[in-house]
There are 2 protein chains.
Amino acid sequence: MKGLGELERSIMDILWAENTPLTAREVGRLIEDRDLAPTTVMTVLDRLARKGFLTRTRDGRAWRYQPAASRDAYVAELMLEALDMTGDRDAALTRFARAVSGSEAEILLKALTELEEE
Amino acid sequence: MKGLGELERSIMDILWAENTPLTAREVGRLIEDRDLAPTTVMTVLDRLARKGFLTRTRDGRAWRYQPAASRDAYVAELMLEALDMTGDRDAALTRFARAVSGSEAEILLKALTELEEE
DNA sequence: GGGGTAGTACTACGTCCTGTAGAGAGGTGG
DNA sequence: CCACCTCTCTACAGGACGTAGTACTACCCC
């Protein structure tokens, strides 16, 4: 997988936040802060779809875009990918475990123990 | 933090594998598979140092490069960075926990419980 | 001591990715 | 029929990376 650029991530954030498929125009309206040309938004949406981050379906003449995967799935995948980079996964995991803050450690712990119970 | 390119990562891998600081020439010798010009290796080492991935110390006229952080630390940091991207850290963590394979889940679990005991 | 050798710093260039957008085509509503 | 929306295609600048040449300096061997 590849990382996302600044604008790409902003757009993914918007689409992850809404849970309905949006058209380019709608996305554009939600990025007001940056005064982007409509075609800019369209181009980026297109690239994201091409990269597999979005799927799109027709709605009249327009496309409606929606994330191919949830943000959580994306983040988890990024984390796994980082983990794959190391030769010593155990050491990296241990270090990671130590680095997450207390409340998050508990979340992890809970998820892991629930996993074992199954 | 930024990601690393292909060659940059190869070179970091070499330096992470050796645990002594290496000169450009030594690194170059260890990348034989790719027939690189010595200056190429030097340039990349220089860039890595500039980006903070390596530190270098003089050894006669030559520089000796060594990783600024361990690979595990780097990987853990990448993972945390990915985690920072999400709005819902808990969901991402839960998903991550479910995604790691069994033996790794145990490593994580162990690290986390040891953490609690302290 | 002079030439080869090793090492450095600086510069360069092609390529790919990303942000950004215009141009042109083809419907659609009034 | 005209204005407009949306699409697709094309373009371009800036930055990161892979790759390397050049020019300068210090050192060792004969």
Side-chain angles (χ1 to χ4, degrees), chain A residues 1-15 20-68 74 78 81-82 85, chain B residues 1-16 18 20-68 74 78 81-82 85:
Chain A
M1 198 178 23
K2 282 287 308 171
L4 297 175
E6 186 69 26
L7 177 55
E8 289 176 332
R9 185 137 38 185
S10 301
I11 286 183
M12 285 306 293
D13 276 341
I14 287 174
L15 287 164
T20 54
L22 298 181
T23 64
R25 171 148 298 253
E26 288 164 346
V27 171
R29 228 173 272 132
L30 291 170
I31 308 201
E32 305 166 33
D33 45 325
R34 281 206 243 190
D35 191 28
L36 296 174
T39 50
T40 300
V41 178
M42 280 195 275
T43 301
V44 175
L45 284 171
D46 203 51
R47 284 182 187 160
L48 286 169
R50 210 178 300 258
K51 290 196 231 176
F53 286 97
L54 298 176
T55 61
R56 64 184 199 174
T57 50
R58 277 286 178 193
D59 177 12
R61 272 175 303 136
W63 290 105
R64 289 199 167 272
Y65 293 86
Q66 76 185 319
Y74 172 58
L78 276 188
E81 204 172 277
M85 250 189 51
Chain B
M1 197 177 25
K2 282 288 306 170
L4 297 174
E6 186 69 24
L7 176 56
E8 288 175 334
R9 184 137 38 184
S10 301
I11 286 183
M12 285 307 293
D13 276 341
I14 286 174
L15 287 163
W16 272 319
E18 308 294 310
T20 53
L22 298 182
T23 64
R25 171 150 297 255
E26 288 163 346
V27 172
R29 229 173 271 132
L30 291 171
I31 309 200
E32 306 166 32
D33 45 325
R34 281 207 243 190
D35 191 27
L36 295 174
T39 49
T40 299
V41 177
M42 280 196 273
T43 301
V44 175
L45 285 170
D46 203 51
R47 285 183 188 158
L48 285 170
R50 209 178 301 256
K51 290 196 232 176
F53 286 98
L54 298 176
T55 60
R56 62 184 201 175
T57 49
R58 278 286 178 194
D59 177 12
R61 273 175 302 137
W63 290 105
R64 289 201 167 271
Y65 293 87
Q66 75 185 321
Y74 173 58
L78 276 187
E81 206 173 276
M85 250 189 48

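Letters A, B, ... are given to chains in the order of the sequence lines, protein chains preceding strands, and every chain is numbered from 1.
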Please report, rounded to the nearest Å, how far the [atom2] atom of [N] is from the [atom1] atom of [X].
X	N	atom1	atom2	result
Asp46(B)	dA16(D)	CG	C1'	15 Å
Arg9(A)	dC17(C)	CZ	C1'	14 Å
Leu45(A)	dC9(D)	CG	P	16 Å
Leu7(A)	dA21(C)	CG	C1'	12 Å
Met42(A)	dA25(C)	CE	P	16 Å
Leu36(B)	dG21(D)	CG	C1'	15 Å

Please state whether the base of [N] and the side chain of [X] form at least one donor-acceptor pair under 3.5 Å?
X	N	answer
Arg58(B)	dG7(C)	no
Arg47(B)	dG18(D)	yes
Arg61(A)	dC5(D)	yes

Distance test, side-chain N/O of [X] to OP1/OP2 of [N], below 4.0 Å:
X	N	value
Thr40(B)	dA20(D)	yes
Arg56(A)	dT8(D)	yes
Lys51(A)	dC17(C)	no
Arg34(B)	dT19(D)	yes

Look at all strands and tell whether Leu4(A) reaches a base, only sugar-phosphate, or nothing, counting heavy atoms closer than 4.0 Å.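 Touches nothing.
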Quick one about Arg34(A) and Ser10(A) (side-chain donor to acceptor, distance below 3.5 Å, no hydrogens or angles considered), yes or no? yes
[X], nearest nucleotide to its side chain (from [options]):
X	options	result
Ala62(A)	dT6(D), dA20(D), dG18(D)	dT6(D)
Thr43(B)	dC7(D), dC10(C), dT8(C)	dC10(C)
Glu8(A)	dG19(C), dG18(D), dT19(D)	dG19(C)
Thr39(A)	dA20(D), dA23(C), dG27(C)	dA23(C)

Start at the 5' end of DNA chain C and walk down; is the nucleotide closest to Gly3(A) or to Asp35(A) reached first? Gly3(A)
Nearest-nucleotide check on DNA chain C, Arg50(B) vs Arg25(B); residue mapping nearer the 5' end is Arg25(B)
Answer yes or no: is there a side-chain heavy-atom contact under 4.5 Å between Lys51(A) and Glu8(A)? yes
Would you check if Leu4(A) and Leu48(A) make a side-chain contact, meaning some heavy-atom pair closer than 4.5 Å? yes
Hey, what do you get for CG (Leu15(B)) to CG (Leu54(B)), rounding to the nearest 0.5 Å? 5.5 Å
I'd like to know if Arg50(B) pairs up with Asp46(B) as an ion pair, taking the criterion as any Lys NZ or Arg NE/NH1/NH2 lying under 4.0 Å from an Asp or Glu carboxylate oxygen. yes
